Amino acid sequence: MQIHSLIQLLVILEESSESQRVADELEQVIRGRGFDFYGLLRHPKRIDNPSGVIMASRWPEGWAHVYAAKKYALVDPTVRYLAHAQRPFRWSDGMAAFREDPHHRRMEQMMVDAYGYGLEDGYIFPIYGRNGILGSLSVGGKPIELSPAEVSLFEAIARKAFWRLLDMQGEAAVLETVPISDAQLTRREMEILNYLAEGMTSMEISKHLKISNHTVDWYMNGLQDKLKAKNRQQVVALAFRYGLIT
């Protein structure tokens with residue numbers, strides 16, 4: 001029955017002509033599967049207004065205020081893990097991935113606060129485009145075990161709802177545009193670029209990658225040269241513009 005409702009939702013989303021119906025049908029199926037809360041989001045960039053990335057959602061009353069007031073967006077393990085994830089994952093997986101992170105205790109406090117609002121565990125389904133991660137569907141509440149088939153269907157639903165809403169808003173073409181950049185970055189340069197975008201210092205990056213501070217600075221200089229940037233802040237700004245990071 002649950003598999004059938006998920007498949008049926010894919011058909012409904014394709015045929016829907018109103019954004020509110022897309023959101024309503026999505027919420028109905030999510031709650032029908034036992035998840036009390038959800039959020040369909042665009043992947044935020046540092047210049048985004050936080051409220052502007054929300055496409056459809058239902059979160060516990062008061063949670064958004066706590067999340068913003070305590071600046072949890074800076075340490076949220078699920079958001080940080082999403083930047084590197086290649087497939088759907090549980091919220092608890094994101095927490096486990098940052099066990100050695102210097103901000104781990106703040107992450108733990110965030111998860112404790114979330115638990116108090118009924119956000120005990122959940123799943124995140126990444127949505128990718130030509131330029132990398134574009135958005136995600138997060139569902140949660142009480143711990144629920146999804147079958148592999150359900151995970152695959154939820155992943156398809158996340159993509160369908162995301163692009164359907166963008167089509168209705170006339171914004172899909174913008175996200176599908178491929179930015180032009182001649183810069184060819186190595187795997188290590190991409191790693192350092194992502195950590196730089198997260199606000200890490202050279203010392204923090206060196207500890208995380210287990211390389212010297214001097215080596216990190218050497219890579220930073222290389223990034224500035226390749227992107228023709230005047231400083232590190234411009235490196236990050238240009239990387240976002242070219243779609244090297246999202």
Side-chain angles (χ1 to χ4, degrees), residues 26-27 30-31 33-128 132-146 151 154-155 158 162 191 193-201 203-205 207-209 236 240 245-246:
L26 179 64
E27 180 172 331
I30 289 172
R31 298 190 70 183
R33 184 57 187 87
F35 296 106
D36 292 325
F37 308 108
Y38 80 100
L40 180 63
L41 313 170
R42 298 191 198 189
H43 192 60
K45 297 181 179 179
R46 297 185 183 278
I47 59 173
D48 280 334
N49 177 343
S51 63
V53 303
I54 301 172
M55 302 179 74
S57 69
R58 180 180 185 271
W59 295 115
E61 184 176 356
W63 171 242
H65 174 74
V66 170
Y67 189 88
K70 295 191 176 183
K71 299 182 178 179
Y72 280 148
L74 299 175
V75 298
D76 189 336
T78 63
V79 173
R80 290 182 62 184
Y81 192 65
L82 179 61
H84 308 285
Q86 299 299 313
R87 58 185 179 179
F89 61 92
R90 296 192 81 137
W91 295 354
S92 51
D93 294 335
M95 192 66 204
F98 295 101
R99 193 169 291 122
E100 304 300 323
D101 191 272
H103 301 294
H104 186 73
R105 296 187 72 175
R106 277 265 292 153
M107 294 178 186
E108 285 184 322
Q109 184 57 56
M110 188 201 107
M111 299 307 284
V112 168
D113 286 348
Y115 193 96
Y117 279 84
L119 298 168
E120 299 180 23
D121 198 7
Y123 290 82
I124 290 188
F125 303 91
I127 300 163
Y128 292 95
I133 183 75
L134 297 179
S136 63
L137 172 65
S138 182
V139 298
K142 296 289 184 183
I144 291 175
E145 199 70 36
L146 293 179
V151 169
F154 263 109
E155 189 175 14
F162 181 85
E191 285 181 323
L193 182 57
N194 276 283
Y195 290 133
L196 182 62
E198 289 180 5
M200 287 190 181
T201 63
M203 186 172 295
E204 289 172 331
I205 295 172
K207 289 180 179 178
H208 194 81
L209 295 178
V236 174
F240 277 125
I245 54 177
T246 58

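In this chain, residues are counted from 1 in sequence order. What you are looking at is a predicted structure, and each value in this text was computed from that prediction instead of being measured.
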Novice: Describe, in one word, how the ring planes of Phe125 and Phe154 are oriented to each other, choosing from parallel (under 30°), tilted (30 to 60°) and perpendicular (over 60°).
Specialist: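 The rings of Phe125 and Phe154 lie parallel, inter-plane angle below 30°.
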
Novice: Restricting to pairs with a member in residues 75-98, which pass salt bridge (Lys or Arg N to Asp or Glu O under 4.0 Å), not counting sequence neighbours?
Specialist: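 As it turns out, the salt bridge (Lys or Arg N to Asp or Glu O under 4.0 Å) pairs with a partner in residues 75-98, which skip direct neighbours, are Arg80-Asp101, Arg80-Glu198, Arg90-Asp121, Arg90-Glu145.
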
Novice: Where is the tightest heavy-atom contact between Tyr67 and Ala73, given as atom of each residue plus distance?
Specialist: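 Smallest heavy-atom distance, with atoms named: OH-CA, 3.5 Å.
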
Novice: What's the spacing between Ile30 CD1 and Phe35 CZ if we round to 0.5 Å?
Specialist: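 The distance works out to 8.5 Å.
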
Novice: Of Val79, Val53, Leu82, Leu40, which is the lone residue that meets side chain to side chain contact (heavy atoms under 4.5 Å, CB included) with Ser136?
Specialist: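 Only one of Val79, Val53, Leu82, Leu40 forms a side chain to side chain contact (heavy atoms under 4.5 Å, CB included) with Ser136, namely Leu82.
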
Novice: In the structure I gave you, are the side-chain heavy atoms of Arg33 and Leu146 within less than 4.5 Å of one another anywhere?
Specialist: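 Yes, close enough: below the 4.5 Å cut-off.
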
Novice: Show the nearest heavy-atom pair for residues Gly39 and Ser57, with the distance to one decimal.
Specialist: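 Gly39 and Ser57 have their closest heavy atoms at CA-CB, 3.9 Å.
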
Novice: Out of curiosity, Met55 CE to Leu137 CG, how far, rounded to the nearest 0.5 Å?
Specialist: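 One finds 11.0 Å between CE of Met55 and CG of Leu137.
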
Novice: Is there a donor-acceptor pair under 3.5 Å between the side chain of Tyr117 and the backbone N or O of Ala64?
Specialist: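 Not a single qualifying donor-acceptor pair exists.
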
Novice: With a 4.5 Å cut-off on side-chain heavy atoms, are Thr78 and Tyr81 touching?
Specialist: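 Not touching, per the 4.5 Å side-chain cut-off.
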
Novice: How long is the span from the CG atom in Leu134 to the CZ atom in Arg42, to the nearest 0.5 Å?
Specialist: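 With rounding to 0.5 Å, CG (Leu134) is 10.0 Å from CZ (Arg42).
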
Novice: Report the distance from atom CD of Glu120 to atom OH of Tyr115, rounding to the nearest 0.5 Å.
Specialist: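 Rounded to the nearest 0.5 Å, the CD-OH separation comes to 4.0 Å.
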
Novice: Which pair of non-hydrogen atoms, one from Asp36 and one from Arg31, has the smallest distance, and what is that distance?
Specialist: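 Nearest pair, atom of Asp36 first, then Arg31: O-NE, 4.2 Å.
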
Novice: Could you measure the distance from the CZ atom of Phe98 to the CE atom of Met107? Nearest 0.5 Å is fine.
Specialist: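 Rounded to the nearest 0.5 Å, the CZ-CE separation comes out at 5.5 Å.
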
Novice: Just wondering, do Pro60 and Leu119 contact through their side chains at under 4.5 Å, heavy atoms?
Specialist: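 Leu119 vs Pro60: side chains touch.
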
Novice: Looking only at non-hydrogen atoms, find the nearest pair between Val139 and Trp91 and report the distance.
Specialist: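 The answer is O-CZ2, 3.6 Å.
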
Novice: Atom CD in Glu204, atom CG in Leu209: separation rounded to 0.5 Å?
Specialist: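 The CG atom of Leu209 is 11.5 Å from CD of Glu204, to the nearest 0.5 Å.
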
Novice: Which residue in the set Met95, Arg106, His104 passes side chain to side chain contact (heavy atoms under 4.5 Å, CB included) when paired with Pro77?
Specialist: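 Considering Met95, Arg106, His104, a side chain to side chain contact (heavy atoms under 4.5 Å, CB included) with Pro77 is found only for Met95.
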
Novice: Taking ring-ring contact (aromatic ring centres under 6.0 Å, His included) as the test, write out the residues that go with Tyr72, two or more places apart.
Specialist: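 Applying ring-ring contact (aromatic ring centres under 6.0 Å, His included) to Tyr72 gives none.
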
